[in-house]
**Q** 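The structure is given below, and queries will be raised subsequently.
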Amino acid sequence: MDYTIIVFLEILRAISWLVILAAGLAIIFGMMKVINFAHGEFLMLGGYITIMSHNAGVPLWISMGVLAPLVVGVFGIIVERLVIRHLYGRIIDSLLATWGLSLLMIGGVTMVFGNTVQGVSTPLGSLSIGAYQVPGYNLLLIGIAVAMMMAIWLVLRFTSAGLIARATMQNPDMAETLGVRTSWVYMATFGLGSAVTGLAGGLLAPLTGVAPSMGVNFVAQSFITVITGGASMIAGTLSAGTLLGTISQGVTFATGPVYGDAALLLAALILLRLLPQGITGRIFRKSL
Amino acid sequence: METSLRTDPGFWFMTALGLVLLFLGPLFWDLFQIMQITQYVVLSVYVLSLAYIWGFGGILSFGQAAFFGLGAYTFSVAAINMGETTFPFVLAFAIPAIFGAALGYFMFYGKLSDVYMGVVTMVVTLIFWKLINHTAGPEYAIGDARLGGFNGIPSVPVLNVPGDAQAWLDPGQMFQVFMAILTLLYVLLRILIASDFGRISMGIRENETRAALLGYDVRRHKVIMFALGAGIAGMAGGMWATYQTFIDPNVFSLEMSAKALIWTMAGGVGTLAGPIFAVVLLQYLSLKLGEMHILNNNFILGGIMIVLVLLVPKGGLPTLRDGIAALRVRGSVRRSGTPGKVAPDV
């Protein structure tokens with residue numbers, strides 16, 4: 001019985017993990033149809049800000065939950081104004097440019113901080129369930145994933161900002177003629193997506209430590225989650241996260257983490273063969 | 001837009017340049033220069049794989065490094081096991097090509113759009129990189145070849161004369177073999193592009209729906225092109241392995257994929273010669289900048305990539321060509337009042 005709970009919690013953690021990693025990317029992709037190839041490096045930046053500010057004396061929760069999203073969000077807005085805004089509607093070019101940005105950021109951070117791993121210890125102790133120990137931080141991650149999705153849903157569904165965002169998502173030209181400044185909406189979206197990614201990076205920092213090239217390790221999982229999810233932000237991220245998280249964690253239990261990753265990719269490839277527009281391209285189409 | 005090969009001066013110029021370098025190069029260069037130039041040659045073969053499928057088929061692969069690395073590992077493992085290098089070289093083409101065909105089947109028959117395709121190819125590269133990085137233990141061995149994980153495979157055999165495993169090539173001869181491969185590949189690709197198959201590819205590149213409505217099997221066509229590109233990239237990987245006599249998982253790195261994209265963009269999408277010049281120029285540049293130890297190599301690559309996308313989206317050679325054509329038109333209008341001939345494709 002205890003073991004069943006542990007397995008269940010581990011799968012929940014894997015799902016929440018994918019949701020947290022992919023949320024920022026999904027916001028940007030869902031709204032703007034731009035894939036941010038520098039997503040992994042935005043995570044890395046969030047991680048660095050968390051650890052650097054913590055080392056400078058800021059309490060961990062503040063640097064993780066406030067500073068990291070704030071700085072990465074502002075950084076995202078700057079990037080949007082300088083680069084992305086020139087490339088709307090040119091999907092491939094925006095991919096190439098953000099990839100360039102990712103290399104630039106890896107190189108830049110390496111020049112500033114050097115190519116070493118830095119870390120902080122994981123906060124929150126552990127919880128015992130029967131004979132097993134569960135790290136409290138894992139439970140926190142599950143809680144944050146739920147809160148994150150709830151918050152996005154509430155904003156989109158019940159606020160006027162959400163209404164404008166949804167209008168822009170559905171038909172930018174129509175929204176523009178109705179008086180919505182879509183370029184501002186895009187800027188805000190990119191900033192928000194970046195901020196969420198920064199938060200994810202902050203949450204990541206105590207788990208893995210930070211290094212300039214760390215983004216690479218998470219970028220595949222985030223992309224695959226968003227792509228298999230399809231265009232809807234919440235339903236897509238949740239459904240793909242659940243499916244892929246369960247599969248990869250199941251395989252990880254059976255064989256080991258390396259094959260877990262490979263299984264995730266394989267599952268995604270097969271899924272995309274069947275549903276080329278992602279899960280929400282065919283199922284849950286009208287959802288957010 | 002493709003002129004006949006016989007009347008295309010660019011084609012003859014490039015072929016002649018290749019042959020001159022092939023025969024005369026080793027007479028004038030010292031050992032260091034030969035090694036350096038051999039590197040450009042290998043990377044040129046690699047960039048041709050992407051320049052072909054992207055420029056002439058509209059297939060943008062973000063994961064050419066997957067095939068490059070697969071070819072490199074295939075060659076190394078096979079050469080260590082067989083003790084000679086001719087058949088492994090064939091395998092370095094064949095296995096990535098087969099893998100490319102399988103992946104291409106999933107992508108093109110799944111009707112994935114460009115964005116999705118880019119991400120899938122990139123993720124495949126990352127998965128390779130992760131898997132191969134985890135093969136450090138002694139249990140990960142294929143025959144006599146230990147994969148070595150992040151330590152890589154040391155002592156990959158040097159090319160030998162076909163049929164005589166003891167007759168190793170010296171660096172000058174290796175350069176000549178590689179240069180011959182590059183020149184031949186350039187000629188074959190140009191012939192392929194000028195053929196009916198190539199015309200259909202370009203039709204698909206311009207308008208997929210129209211090509212499909214005209215009765216061409218777009219999906220099959222793209223799978224063939226993609227597999228061919230994968231095979232060429234794999235062959236380049238094999239050349240890279242034997243050139244360095246060493247490989248590690250970095251052949252699967254994102255940087256390696258990004259480089260192919262940057263070179264192709266810089267040289268000009270839709271040309272074969274442009275990307276080759278871009279390889280030589282940009283590799284030389286990053287070597288010189290790297291020697292100064294001020295700027296990180298990734299930083300430079302990334303900066304170049306952003307600037308290219310924003311400012312020179314067509315790439316170097318086409319921009320240059322358009323510039324020359326515009327000057328000529330202006331000149332001939334001034335002289336005779338009628339527009340002159342536009343420069344042909346290279």
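Note on naming: letters A, B, ... go to the chains in the order of the sequence lines (proteins, then strands), and numbering restarts at 1 for each one. Values reported hereafter were calculated over all heavy atoms of this structure, with side chains retained and with hydrogens, waters and symmetry mates removed.
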**Q** Please say whether more than 12 non-hydrogen atoms of neighbouring residues, nucleotides or ligands are located less than 6.0 Å from CZ in B/Arg220.
**A**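 Check fails, neighbour count at 12 or below.
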**Q** Taking only residues two or more places apart in sequence or in another chain, which ones pass side chain to side chain donor-acceptor pair (under 3.5 Å) with B/Tyr216?
**A** none
**Q** Which atoms of B/Leu131 are under 4.5 Å from chain A, going by heavy atoms: the side chain, the backbone, both sets, or neither?
**A**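 Its backbone and side chain both get close to chain A.
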**Q** Looking only at heavy atoms and a cut-off of under 4.5 Å, which of B/Phe128, B/Trp129, B/Phe106 has the most pairs with chain A?
**A**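 Result: the option with the highest number of such pairs is B/Phe106.
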**Q** Distance from B/Leu310 atom CG to A/Asp93 atom CG, nearest 0.5 Å?
**A** 8.5 Å
**Q** Count the heavy atoms of every other residue, nucleotide or ligand shown that sit under 6.0 Å from OH of B/Tyr284, and state whether that count exceeds 12.
**A**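 Count not over threshold, so no.
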**Q** List the residues meeting side chain to side chain contact (heavy atoms under 4.5 Å, CB included) with A/Ala263, not counting sequence neighbours, and say none if there are none.
**A**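 Partners of A/Ala263 under the side chain to side chain contact (heavy atoms under 4.5 Å, CB included) test: A/Ile247, A/Val251.
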**Q** For chain B, which residues from residues 15-32 of chain A lie under 4.5 Å away (heavy-atom distances)?
**A** A/Phe29
**Q** Looking at B/Gly118, B/Ala258, B/Ser253, which has the largest count of heavy-atom pairs under 4.5 Å with chain A?
**A** B/Ala258
**Q** Got a second to check how far A/Leu96's CG is from B/Met265's CE, nearest 0.5 Å?
**A** 5.0 Å
**Q** Does the side chain of A/Leu87 come within less than 4.5 Å of B/Val309's, by heavy atoms?
**A**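 Contact flag for B/Val309/A/Leu87 side chains = yes.
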**Q** Can you tell which of B/Leu301, B/Ile127, B/Leu261 has the highest number of heavy-atom pairs within less than 4.5 Å of chain A?
**A**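 Result: the option with the highest number of such pairs is B/Ile127.
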**Q** Which distance, rounded to the nearest 0.5 Å, do you find between the CE of B/Met122 and the CZ of A/Phe37?
**A**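 Taking CE in B/Met122 and CZ in A/Phe37, the distance rounds to 4.5 Å.
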**Q** What distance separates A/Ile106 CD1 from B/Leu254 CG, expressed to the nearest 0.5 Å?
**A** 7.0 Å
**Q** Using non-hydrogen atoms and a 4.5 Å limit, figure out which bit of B/Tyr109 sits close to chain A: side chain, backbone, both or neither.
**A**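 When you check distances to chain A, atoms from both the backbone and side chain of B/Tyr109 fall under 4.5 Å.
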**Q** Mind checking which of residues 207-229 of chain A sit less than 4.5 Å from chain B, heavy atom to heavy atom?
**A** A/Val216, A/Asn217, A/Val219, A/Ala220, A/Gln221, A/Phe223, A/Ile224, A/Ile227
**Q** Indicate the atoms forming the closest heavy-atom contact of A/Gly108 with B/Phe299, along with that distance.
**A**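 The pair with the smallest heavy-atom distance is N-CD1, 3.5 Å.
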**Q** Surrounding CZ of A/Arg85 (heavy atoms of other residues, nucleotides or ligands, distance under 6.0 Å), is the total greater than 12?
**A** yes
**Q** Which one wins on heavy-atom pair count under 4.5 Å against chain B: A/Thr98, A/Ile35, A/Leu103?
**A** A/Leu103
**Q** Does any heavy atom of chain B fall under 4.5 Å from the side chain of A/Leu264, the backbone, both, or neither of them?
**A**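 Contact with chain B involves no heavy atom of A/Leu264 at all.
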